[in-house]
Number of protein chains: 2
Amino acid sequence: MAKETKNTLRDSVYSSLKAMIVTGQIPPGSRVTENDIAVKLNVSRTPVREAFNRLERDGLVTGRPRQGYVVTEFDINMFREAFEIRELLDGHATELAAATATEQDKARLRAMLAECERLAAIPDRTTREKFQELEVGIDLHRVIAEISGNVMLHGMLCGILDKCQHYVWTELLWLDEWKIARDEHAEIVDAICAGDASRAGTLARAHVRGSRDNVLRLLQAKSDYQNFLAKAS
Amino acid sequence: MAKETKNTLRDSVYSSLKAMIVTGQIPPGSRVTENDIAVKLNVSRTPVREAFNRLERDGLVTGRPRQGYVVTEFDINMFREAFEIRELLDGHATELAAATATEQDKARLRAMLAECERLAAIPDRTTREKFQELEVGIDLHRVIAEISGNVMLHGMLCGILDKCQHYVWTELLWLDEWKIARDEHAEIVDAICAGDASRAGTLARAHVRGSRDNVLRLLQAKSDYQNFLAKAS
DNA sequence: ACACTCAAAATTGTATACAAAATAGCATGC
DNA sequence: GCATGCTATTTTGTATACAATTTTGAGTGT
């Protein structure tokens, strides 16, 4: 049956499908039919269709009339676009969060930071644990957006972060060199806790740019590696 | 049948419903049942359901399981949130547009400006013509976002602009004092045509702030008027 | 061997039937 | 007369049946 059982089948199917897509279980570019999913999750096509509709709205799948759905393949351009927007939104959200965070909010952020540290310190990490660290790192930004108090901003940032997460997980997680900018996260949380909105915003924007450059560097490395393999064969 | 006939019924229903909601034909806060719409548009419930799903994702209706859908009532807070984000996104999009606009793009913007002028100059305007002027004014921002070249940014801005349009049309259009900031639009287009990204961005951000203040002022006037009526009765 | 045509299979789009849940109204009891 | 509980209606959630369209493949003709 479904992975997570919520109130309605539609929501449950949506969650399952989204998880399968974001984590790369269903690889980008692969064609997915309603029937496959319906059979796999043991439900009828109706809730599956509605889940697909929402996923299409999220930009995680693209579907053309009577031709089925394809898991979105993000190219480097979409990635650049997403990070360009993230710099604006994340920066602003972090400023707002620094200005309005309560003690409870601050404790929550520090706890996430600690969890990140804990996961990073595990000696021989499984892939699952590496996933988790990445996920907490991204969740930190979601929580900051939530603390900002701007509900719309929070929603939009969550949508973008989903896509970034999808991209990183499906394209780059095979690289062991991946590193989370733990220091930068810590600095941002510090600035928020100190209530220094201006500094928090500046740090957040720099962090987004840094993450972007880091990913672009890894993509280059990946491309080089693939070229090397192609030449060698 | 449906208002606009596109490829699929779902799309057609979506367009019709969205138009009815954004223009206030279906007033905010009113409950809408799938069956009503299905009967009204002479289609089955299935495409109506899918249209509602998309509208819910757009934030134009909110639906809870087995309780039907309600046209979203925007309060002043949502309005502030939307304009806060618009200032960021619109500003950035305008900067990008100024940096990359082709001659064709510039001609398109100038044509929209001219259309705005034409509609504004009509002596005794019908409500429909007032609608149109407002719509072209908002469309100008959509086109600028499109010209920016950042597809994701364009999509997000369109979503926000839909909501702003909805809010203004349903809450404020009854006021005759409404004025479009034609001069500001012209200045922005000028800056884009001159390729002055920095100035275009600054103007755009100021324009969003100005529009926000203008709407807030009108809201205050509306509130005062309603209080006056309440006291008088 | 290649290309073209037609048909069959697969897949989505739409409609309808049925089930479950929530709301509203009515009746009954206090 | 009011409150409470039950039933009936309304409405969404899900499943399935049917229609339309696209794709694929086989078969035939050149």
Side-chain angles (χ1 to χ4, degrees), chain A residues 1-21 25-73, chain B residues 1-21 25-73:
Chain A
M1 192 68 83
K3 215 171 163 185
E4 305 173 24
T5 306
K6 285 174 77 175
N7 277 342
T8 67
L9 273 183
R10 168 185 50 194
D11 292 331
S12 149
V13 171
Y14 172 73
S15 300
S16 302
L17 256 179
K18 185 169 170 181
M20 286 194 278
I21 290 171
Q25 266 183 272
I26 307 176
S30 61
R31 206 171 120 84
V32 188
T33 72
E34 295 176 358
N35 224 339
D36 290 348
I37 303 298
V39 170
K40 188 179 287 187
L41 297 180
N42 206 32
V43 298
S44 86
R45 271 179 52 219
T46 310
V48 175
R49 278 183 70 77
E50 302 190 3
F52 267 119
N53 268 310
R54 290 171 63 171
L55 287 169
E56 188 174 16
R57 210 91 192 127
D58 290 342
L60 291 177
V61 303
T62 60
R64 281 179 310 192
R66 291 176 205 280
Q67 284 180 239
Y69 294 90
V70 175
V71 178
T72 304
E73 286 186 281
Chain B
M1 192 70 81
K3 213 171 164 187
E4 306 173 22
T5 305
K6 287 177 76 176
N7 278 340
T8 67
L9 272 184
R10 168 185 48 194
D11 292 331
S12 148
V13 171
Y14 172 72
S15 300
S16 302
L17 256 179
K18 186 170 171 181
M20 286 194 277
I21 290 172
Q25 266 183 272
I26 307 176
S30 61
R31 207 172 122 84
V32 187
T33 71
E34 295 176 358
N35 224 340
D36 289 348
I37 304 298
V39 170
K40 186 178 288 186
L41 296 180
N42 207 31
V43 296
S44 85
R45 271 179 51 218
T46 310
V48 175
R49 278 182 70 76
E50 303 190 3
F52 267 120
N53 268 310
R54 290 171 65 171
L55 287 169
E56 185 174 18
R57 210 88 191 132
D58 290 343
L60 291 176
V61 304
T62 60
R64 282 180 309 190
R66 292 177 202 282
Q67 284 182 238
Y69 294 90
V70 175
V71 179
T72 305
E73 287 186 280

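Hydrogens, waters and symmetry mates play no part in the numbers below; they use all other heavy atoms, side chains included. Per chain, numbering begins at 1; letters A, B, ... match sequence-line order.
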Taking NZ, NE, NH1 and NH2 as the nitrogens, is one of them in R54(A) or D11(A) under 4.0 Å from a carboxylate oxygen of the other?
-> yes
Rounded distance in Å - CZ (R31(B)) to C1' (dT11(D)) = 7 Å
Spacing of I37(B) atom CD1 and M20(B) atom CE [to the nearest 0.5 Å] | 5.0 Å
Quick one: which of V32(B), V71(B), D58(B), T72(B) gives a side-chain contact (heavy atoms from CB on, under 4.5 Å) with I21(B)?
-> V71(B)
ring-ring contact (aromatic ring centres under 6.0 Å, His included) filter on F52(A), not counting sequence neighbours, yields Y69(A)
Under-4.0 Å side-chain N/O to phosphate OP1/OP2 contact, Q67(A) with dT23(D) = yes
For R31(B), check side chain to side chain donor-acceptor pair (under 3.5 Å) against everything at least two apart and list the hits.
-> none
Contact list for residues 29-49 of chain A, test ring pair (Phe, Tyr, Trp, His ring centres under 6.0 Å), sequence neighbours left out = none
Going 5' to 3' along DNA chain C, which nucleotides are the first and last within contact of chain B (any atom under 4.0 Å from a heavy atom)?
-> dG13(C) to dT23(C)
Residue pair R49(A) / R49(B), side-chain heavy-atom distance below 4.5 Å = no
Mind checking side chain to side chain donor-acceptor pair (under 3.5 Å) for D36(A) and listing every partner two or more places apart, or none if nothing turns up?
-> T33(A)
Nucleic acid contacts - residues 44-52 of chain B versus DNA chain D, non-hydrogen atoms under 4.0 Å = R45(B), R49(B)
